[in-house]
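The first residue in the sequence is number 1, and the count goes up from there. Counting starts at 1 for both ligands and their atoms, following the listed order. Hydrogens, waters and symmetry mates are skipped; everything else that's a heavy atom, side chains included, is used.
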Amino acid sequence: MTKKSVRDVEVAGKRVFVRVDFNVPLEDGKITDDTRIRETLPTINYLIEKGAKVILASHLGRPKGEFVESLRLTPAAERLSELLGKPVAKADEAVGEAVKAKVDALNNGDVLVLENVRFYPGEEKNDPELAKQFAELADLFVNDAFGAAHRAHASTEGIAHILPAVSGLLMEKELSVLSKALTNPERPFTAIIGGSKVKDKIDVIDHLLTLADNVLIGGGLSYTFFKAQGHEVGQSLLDKDKIDVALGFIEKAKKLGKNFLLPVDIVISDDFSADANTDIVGIDGIPADWEGVDIGPKTREMYADVIKNSKLVVWNGPMGVFEIEPFAGGTRAVAEACANTEAYTIIGGGDSAAAAEKFHLAYKMDHISTGGGASLEFMEGKKLPGVEALNDK
Ligand SMILES: Nc1ncnc2c1ncn2[C@@H]1O[C@H](COP(=O)(O)OP(=O)(O)O)[C@@H](O)[C@H]1O
Ligand SMILES: O=C(OP(=O)(O)O)[C@H](O)COP(=O)(O)O
């Protein structure tokens, strides 16, 4: 990596402002998946061992510049304390006199979690004044929030222009794995793109069409492609504005000689619920009042075969509505194929990672990225502002 890392600078005795991504899922105030917290432990433990004063900042949810009680970082601080096996101080604000006093009270090796930085309107606006207030708390900025690296906000980007700024160990690992895989990919390289956010994934499909050997499409994205080919899609997810773009991809793939695969059969349903009626049909068999909810068994087999014969697999987005058990089979089949292939497997995207966890296959993947949007933008070949702003080596 061309950017300095926390290992390249002196941290002992210093106040270190570490931007982490503790944007974890919560249900009734309880954390349901603490992966993002666990993944920052190497950086935090490194700083503790080196005798730094560790000040952690994160966003949680999208409170839009207001204090929202249910989005406080208290549960994250408590979980971190359990994971570290030591007390962690928590501030009820992210800047101001009370926070400064908490920072002043830190001894070397102590950890303080600031309040949700998105409680302040200046955070998402990348307000230089708020960045300055963050910077006043510390001597060094460490960005370990890969999941938020595509955001140019005061605590991810603005602050990096004021303090010496380096990457954390998680940030370093994410960037190194993704760039190693995508710069000189092992071939055959297979990209699997699914999920529901058609607009968000158009650019990544475009980029991956030039990079990958096989591009497999699944999930809600598929129907815009089917429509582009002249099939009726009933009530299935459809992005009408992107039909021409989808057609363009089919043609681009042909021109480039890429193996661009769309589902050949699908699971359809007459309702979006576990007790709905379902059927398996070919792509021109969707009745007007039914919708496609998963890839069918022939497609699963076809995709599993491609995955098996790959050297590198990048997977972003589930193959169907996997949260509903009768529609989870396609995503499970792809997760199993990824778990069993010899290929190096990278999973990006919160829902694909959640699916791998749900099927108890996450441990068999080579890399599960902590960033959904961030890994997508990286795969699109875009520069990430939270990384760009860090000091060069
Ligand atoms: N055929 C489909 N119709 C509607 N929604 C779908 C379909 N297939 C997958 N989905 C939904 O897509 C969502 C995930 O999409 P997305 O956010 O794009 O993925 P990721 O978070 O992995 O990037 C899941 O909640 C899943 O239920
Ligand atoms: O959860 C996140 O995004 P992701 O679901 O795309 O990985 C990050 O914490 C960024 O959050 P944001 O999309 O509200 O800026």
Side-chain angles (χ1 to χ4, degrees), residues 19-26 33 35-37 39-40 58-64 71 76 116-118 123-124 126 144-153 155-157 174 192-202 204-205 217-226 233-239 263 266-269 271-273 278 283 286 290-296 299 314-331 334-335 346-358 368-379 384-386:
R19 178 55 159 96
V20 289
D21 185 351
F22 283 176
N23 187 25
V24 289
L26 287 169
D33 178 5
T35 306
R36 280 183 166 165
I37 301 178
E39 290 286 328
T40 59
S58 177
H59 72 285
L60 174 61
R62 294 178 171 171
K64 299 200 172 79
L71 293 176
N116 190 340
V117 289
R118 286 195 188 165
E123 167 64 4
E124 291 182 73
N126 201 358
D144 213 23
F146 175 74
H150 56 320
R151 308 286 181 220
H153 295 169
S155 71
T156 63
E157 206 268 352
E174 292 269 15
I192 312 163
I193 310 292
S196 58
K197 298 176 202 150
V198 181
K199 273 193 189 69
D200 291 0
K201 307 223 169 155
I202 287 292
V204 78
I205 296 174
I217 302 287
L221 295 178
S222 323
Y223 304 93
T224 305
F225 287 93
F226 294 155
V233 298
Q235 300 301 308
S236 310
L237 203 73
L238 175 67
D239 192 335
I266 43 181
V267 177
I268 56 167
S269 157
D271 191 21
F272 221 68
S273 70
T278 62
I283 52 167
I286 311 177
W290 286 51
E291 66 185 299
V293 288
D294 196 7
I295 57 172
T299 309
V314 174
W315 177 24
N316 185 298
M319 296 290 100
V321 189
F322 75 98
E323 299 91 339
I324 300 176
E325 193 46 42
F327 315 149
T331 306
V334 162
I346 299 176
I347 299 193
D351 286 298
S352 329
E357 284 284 351
K358 177 180 160 144
I368 297 190
S369 178
T370 50
S375 65
L376 266 185
E377 291 205 14
F378 188 91
M379 284 193 258
L384 305 176

Taking only heavy atoms of [X] into account, list the atoms of ligand 1 that are under 4.0 Å away from them.
| X | value |
| --- | --- |
| Pro318 | 14 (C), 19 (O), 22 (O), 24 (C) |
| Gly219 | 1 (N), 8 (N) |
| Gly317 | 19 (O), 22 (O) |
| Val321 | 2 (C), 3 (N), 4 (C), 5 (N), 6 (C), 7 (C), 8 (N), 9 (C), 27 (O) |

Numbered atoms of ligand 2 (with element) below 4.0 Å of Arg62, judged on heavy atoms: 12 (P), 13 (O), 14 (O)
Nearest-contact summary for atom 9 (O) of ligand 2 - protein heavy atom, Å: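 The protein heavy atom lying closest is Asp21 OD2, 2.8 Å.
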Atom 15 (O) of ligand 1 - nearest protein heavy atom and its distance: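 The protein heavy atom lying closest is Ser196 N, 3.0 Å.
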Options Gly220, Gly195, Gly372, Ser375, ranked by nearest heavy atom to atom 2 (C) of ligand 1, top entry: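 Answer by nearest heavy atom: Gly220.
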Option whose closest heavy atom lies nearest to atom 6 (O) of ligand 2, chosen from Gly61, Ser375, Gly373: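 Ranked by closest heavy atom to atom 6 (O) of ligand 2, first place is Gly373.
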Derivation and outcome, side-chain contact (heavy atoms from CB on, under 4.5 Å), residues Ile324 and Val293: CA-CA 10 Å; Ile324 300 176; Val293 288; over 6 Å; no
Region of Val293 that comes within reach of ligand 1 [heavy atoms, distance under 4.0 Å]: backbone
Location of contacts on Lys201 toward ligand 1, heavy atoms closer than 4.0 Å: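 Near ligand 1, Lys201 shows its side chain, while the N, CA, C and O stay back.
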Non-hydrogen atom of Arg118 closer than 4.0 Å to ligand 2: yes
Contact check, Phe327 vs ligand 1, heavy-atom distance below 4.0 Å: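 Flag not set, Phe327 not near ligand 1.
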Ligand 2 versus His153: contacting region, heavy-atom distance under 4.0 Å: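 No part of His153 is near ligand 2 at this cut-off.
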Region of Glu377 that comes within reach of ligand 2 [heavy atoms, distance under 4.0 Å]: neither
Any donor-acceptor N or O pair under 3.5 Å, side chains Arg19, Thr156: no
